[in-house]
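In what follows, every chain begins at residue 1, and chains take the letters A, B, ... in the order their sequences are listed. Predicted model only: the values in this text are computed from it and were never measured.
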Number of protein chains: 2
Amino acid sequence: MSVPDHPETASGTEESGRKIPPASLARLPIYLRALNAMLADSVERVSSEELAEAAGVKSAMLRKDLSYLGSFGTRGVGYDVQFVSQKISALLGLSQEWRVAIVGAGNLGRALARYSGFASRGFEVVAVFDADERIVGTRIGWLTVSNADNLEFELERTQTNMAVLAVPAAVAQQLCDRLVAAGVTSILSFAPVVLQVPPHVQVRKVDMGTELQILAYHAQRAQETESGSRARSAQ
Amino acid sequence: MSVPDHPETASGTEESGRKIPPASLARLPIYLRALNAMLADSVERVSSEELAEAAGVKSAMLRKDLSYLGSFGTRGVGYDVQFVSQKISALLGLSQEWRVAIVGAGNLGRALARYSGFASRGFEVVAVFDADERIVGTRIGWLTVSNADNLEFELERTQTNMAVLAVPAAVAQQLCDRLVAAGVTSILSFAPVVLQVPPHVQVRKVDMGTELQILAYHAQRAQETESGSRARSAQ
DNA sequence: CATTGTGAATGGGTTCACAGCG
DNA sequence: CGCTGTGAACCCATTCACAATG
């Protein structure tokens with residue numbers, strides 16, 4: 001918490017203007033987590049080798065990733081944990097609170113609404129919607145489930161700027177369209193469908209079904225090669 | 001156990017020996033979903049253009065992806081929906097039932113255990129574990145939450161061959177290690193940590209926190225450019 | 001003759017290896 | 001001297017464009 005502004009600027013290394021390659025961007029949250037864990041352990045300095053190890057990547061890759069956000073780090077020594085953490089936080093836009101609406105209060109939606117990991121990382125759940133009248137009005141923690149009919153009104157009222165879609169596939173596109181029309185430009189979707197959105201809207205997808213199927217592919221191949229003797233490797 | 005063999009083979013194009021590029025593999029489940037949706041609508045043939053559109057990719061890419069699993073498809077005509085669907089299913093190993101254990105019966109674990117999308121795609125949830133004695137013994141649908149102490153025994157008894165980790169970050173690695181020691185080689189993790197596993201174990205990660213942070217980055221950039229006038233683009 | 005399947009071209013991402021520097 | 005920062009090499013993924021073909 002606290003999220004102070006970076007004190008010393010004009011160090012010659014304000015590289016914020018550059019655009020980060022997507023693959024690199026996707027790893028920054030991982031680095032950030034590792035750095036924050038180190039901070040919690042009062043670790044002050046870290047080498048690219050150590051941090052890369054913690055993040056499960058090669059050290060050269062870590063260094064290249066960090067180099068996109070500027071060149072801090074001291075040759076012969078390593079990186080200042082707190083400083084790099086702040087740099088990444090700032091770059092990701094975590095210095096501001098993001099106001100998240102969860103659309104769909106079924107099993108998954110309710111679980112997400114209660115998930116404490118949101119708040120702790122600068123994402124506040126400010127609204128939960130559902131279309132089922134048996135669910136509308138029920139409480140989830142300190143939130144009350146709103147009627148999806150009032151989606152536009154409530155998004156405006158709560159100043160939502162990010163949405164999580166946790167609705168059945170059949171209605172996902174339609175609700176996505178309403179979110180977009182209401183001005184939401186960042187959507188995290190759990191619905192197993194390909195959403196069509198205009199180019200200025202960012203959609204990220206989380207899909208358990210897809211992930212399990214990918215696992216199944218590898219598992220099947222493993223079976224085939226070592227066929228017969230199932231793993232039973234319990235020492 | 002059952003594990004049926006895939007019935008029709010020897011169609012001349014048994015390319016199953018090739019190994020599919022990871023990026024391509026990750027898209028096959030998307031294609032499969034689109035194809036199955038078409039099947040449900042009694043669509044019999046589809047062109048690469050149409051299927052690519054439905055999957056949100058370029059048609060050339062779709063054709064290249066499909067070419068890795070062999071060369072079905074009729075020039076001048078397109079692909080047979082059912083045939084391609086079956087080919088992808090077989091390749092992904094969906095002709096066998098996968099027996100999934102969910103480790104962690106907190107909000108997320110319970111939501112996943114109840115998620116019907118599992119069963120409908122060939123993944124059967126056969127066990128749910130938790131360490132909290134207030135949760136152990138409670139029922140989720142037709143399953144009873146098992147004590148995590150009995151993890152190894154229950155995995156063996158239920159013939160589990162895939163696990164979903166839905167536990168707090170602090171205990172994820174430790175439970176992962178136990179899963180691996182018990183012979184589980186496919187793990188889908190929702191825990192926000194980098195898991196260390198031996199090379200023969202496949203881990204896929206789903207991480208809302210990371211996804212939201214990536215969205216925040218883009219949202220922040222959008223704000224900066226069109227600064228001042230917030231989106232208020234409501235129709 | 002519309003559409004697939006695929007070489008060739010292009011573009012990113014990752015790794016290597018070392019120059020640069022505290 | 002050790003570790004960062006980075007050009008160059010390598011490798012994989014995507015796109016292009018067209019020859020092959022039912």
**Request:** Could you tell me the separation between the NZ atom of B/Lys19 and the C1' atom of D/dC11, rounded to a whole number of Å?
**Result:** 12 Å

**Request:** Would you confirm whether B/Gln173, through its side chain, and B/Gln196, through its main-chain N or O, come within 3.5 Å as a donor-acceptor pair?
**Result:** yes

**Fill in**
A/Tyr79 OH to D/dG2 P, in whole Å, measures 18 Å

**Request:** Only counting residues at least two apart or in another chain, list the ones meeting salt bridge (charged side-chain N to carboxylate O under 4.0 Å, His left out) with A/Glu124.
**Result:** A/Arg99

**Asked** Between A/Arg33 (side chain) and B/Pro192 (backbone), is there a donor-acceptor pair under 3.5 Å?
**Response** yes

**Request:** Indicate yes or no for a side-chain donor-acceptor contact from B/Ser71 to the backbone of B/Ser67 under 3.5 Å, with no hydrogens or angles considered.
**Result:** no

**Interatomic distance, A/Ser189 atom OG to B/Glu211 atom CD [nearest 0.5 angstrom]** = 11.0 Å

**Asked** In chain order, what residues pass the salt bridge (charged side-chain N to carboxylate O under 4.0 Å, His left out) check against A/Glu50, with sequence neighbours excluded?
**Response** none

**Between P of D/dT4 and CZ of A/Phe72, the distance in whole Å** = 12 Å

**Request:** For A/Tyr68 and D/dT4, give me the distance from atom OH to atom P, rounded to whole Å.
**Result:** 17 Å

**Asked** When we call it a touch if two heavy atoms are under 4.0 Å apart, what does A/Arg45 touch: a base, just sugar-phosphate, or nothing?
**Response** nothing

**Message:** Can you confirm whether A/Arg178 is buried at CZ, in the sense that more than 12 heavy atoms of other residues, nucleotides or ligands lie under 6.0 Å from that atom?
**Reply:** yes

**Request:** Scan A/Val167, A/Val164, A/Val103 and name whichever one has a side-chain contact (heavy atoms from CB on, under 4.5 Å) with A/Phe190.
**Result:** A/Val164

**Item:** Gap separating the CG atom of A/Leu25 from the CG atom of A/Leu91, nearest 0.5 angstrom
**Value:** 7.5 Å

**Fill in**
B/Arg27 atom CZ is separated from D/dA13 atom P, nearest whole Å, by 8 Å

**Request:** Can you measure from CG (A/Leu35) to CD1 (A/Ile30) and round to the nearest 0.5 angstrom?
**Result:** 11.5 Å

Shorter than 3.5 Å, N or O on both sides, protein versus nucleotides 19-22 of chain D: list them out with atom names.
unit_1	atom_1	unit_2	atom_2	d
D/dA20	N3	B/Arg75	NH1	2.7

**Where chain B begins and ends its contact with DNA chain C, read 5' to 3' at 4.0 Å from heavy atoms** = C/dA2 to C/dA8

**Residue whose nearest DNA chain C nucleotide is more 5′ - B/Leu66 or A/Pro21** = B/Leu66

**Asked** Got a sec: does the CD of A/Glu97 have more than 12 other heavy atoms crowding it under 6.0 Å?
**Response** yes

**Item:** Near-strand residues of residues 29-39 of chain A, defined as heavy-atom separation under 4.0 angstrom from DNA chain C
**Value:** none

**Request:** Starting from the C-alpha separation in whole Å, work towards a yes-or-no answer on side-chain contact (heavy atoms from CB on, under 4.5 Å) for A/Leu92 and A/Arg121.
**Result:** CA-CA 11 Å; A/Leu92 293 176; A/Arg121 291 173 206 277; over 6 Å; no

**Prompt:** Which of residues 46-61 of chain A sit near DNA chain D, with a heavy atom under 4.0 Å from it?
**Reply:** A/Ser47, A/Ser48

**Message:** Output the rounded distance in Å from CG (B/Asp65) to P (D/dT15).
**Reply:** 10 Å

**Stepwise side-chain contact (heavy atoms from CB on, under 4.5 Å) check, A/Ile214 with B/Gln202** = CA-CA 10 Å; A/Ile214 295 169; B/Gln202 291 288 327; over 6 Å; no

